[in-house]
Amino acid sequence: MAYSIKKTITEKSAVGEVDFDNLSMGKRYTDHMFVADYENGEWKNLRIEPLAPIATHPATMALHYGQAIFEGMKATIGKDGKAVIFRPEQNAKRFNLSAQRIGMPTVSEDLFVQALKEFVAIENEWVPKAEGSALYLRPFMYADEHFIGMRAATNYKFIIIASPAGKYFSKPIKLYAETKYVRAVNGGTGEAKVAGNYAAAILPTELAKKKGYDQVLWLDPHNFEYVQEAGTMNIFFKIAGKFITPDLNGSILAGITRLSCIELLRDKGYEVEERPISISEIMEASENGTLEEAFGAGTAVGIALVSEIGYKDKTIKFPAENPVATDVNNTMNAIKMGTAEDKFGWMVAAE
Ligand code: COI
């Protein structure tokens, strides 16, 4: 179904002020935003309008009870100079899974994808052209009702904003295996992209940074033994020729970069196991010389090579070479830039 989205275009674009050679994610935003209001059981007032602050009533429910979800996605420039979006239908599905988990209304997948395509087409000039750079898209939804009783809200906003972004990490990262704080428990919200999951990660991440690490390696909440995720990414290990990534057990985000890495690795002839992997298994592989590579996979970060994991009083070091992870990263970037064939049909043209 096609939706009617009202467009109000800014008279003066700020794109000329952007230094595309020095982009850092989330500092600058494009000229416009997409906004829809949920009222009386339906999404209304679909519009793309100049980016502007939104007045917030102090009783806005999202501020009190955290009914807020988001997605992260990327648009790049294809060979014909037009923007393409990476697997938006996957984000649409996950957005709705997140919405349902915290009692929010869903958005039809058609509306989600159409809004993105029309929004990105308007912001075409904002899409960076350098390899590894992209226009980071941030669809989000929050409870917009003014009420401080505790129940699901009746009013919501669904908004899309975008920020031109360069590389997230400029070098391989160090992970701190956390043995006090947890990210997610079974039955909780770990598999949803809920704002509160990220709030819970902020203190442990800041503490890990103070110790000289880049991100936290999250372990299971019962025994601090099984690996869950790495910071804001999914995690892969290569042990004795095989790739292993934690299985989606309900407390792990079903990353779209994770899924794409699994598909690319299998296509390149590697075996990939989705199964529980413990920190003891990783330590043992490190000690017996079978630990070959590790990388994080996420939308904002892309593929982040791991150089080290700190676990209790031990340090697990990874070989400096990560040839397969680097190859997967290059292939994924080439598909996004249109210089490699999109044989999986991942890229969707903006319109
Ligand atoms: C993403 O990779 O899109 C994320 O959601 C990470 C973000 C918190 C920086």
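Just so you know, ligand 1 is whichever comes first in the structure, and atom 1 is the first atom listed for that ligand. Reckoned from all heavy atoms, side chains included, excluding hydrogens, waters and symmetry mates.
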Identify the closest protein heavy atom to [atom]: which residue and atom is it, and at what distance?
atom	result
atom 7 (C) of ligand 1	Arg138 NH2, 3.9 Å
atom 4 (C) of ligand 1	Lys193 NZ, 3.5 Å
atom 3 (O) of ligand 1	Tyr136 OH, 2.6 Å
atom 2 (O) of ligand 1	Ala300 N, 2.8 Å
atom 9 (C) of ligand 1	Tyr168 OH, 3.7 Å

*How about Ser280 and Glu225: do any of their side-chain heavy atoms sit closer than 4.5 Å?*
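They are in side-chain contact.
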Considering the heavy atoms of [X], write down every atom of ligand 1 situated less than 4.0 Å from one of them.
X	result
Tyr198	8 (C)
Phe70	5 (O)
Gly72	3 (O)
Thr232	6 (C), 8 (C)

*Answer yes or no for Lys211 and Tyr176: cation-pi contact, defined as NZ/CZ to six-membered ring centre under 6.0 Å and angle to ring axis within 45°.*
yes
*Would Lys336 count as a cation-pi partner of Phe86, with NZ or CZ less than 6.0 Å from the six-membered ring centre and within 45° of the ring normal?*
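Pair Lys336/Phe86 counts as cation-pi.
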*Determine, using heavy atoms of Met233 and all atoms of ligand 1, whether some pair is separated by less than 4.0 Å.*
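No, that is not the case, since the closest heavy atom of the residue is not under 4.0 Å from the ligand.
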Do [X] and [Y] sit within salt-bridge range, that is, some charged N less than 4.0 Å from a carboxylate O?
X	Y	answer
Arg183	Glu229	yes
Lys157	Asp37	yes
Glu263	Arg87	yes

*With Phe158 as reference, evaluate Tyr3, Phe70, Phe34 under the ring pair (Phe, Tyr, Trp, His ring centres under 6.0 Å) test and give the passing residue.*
Phe34
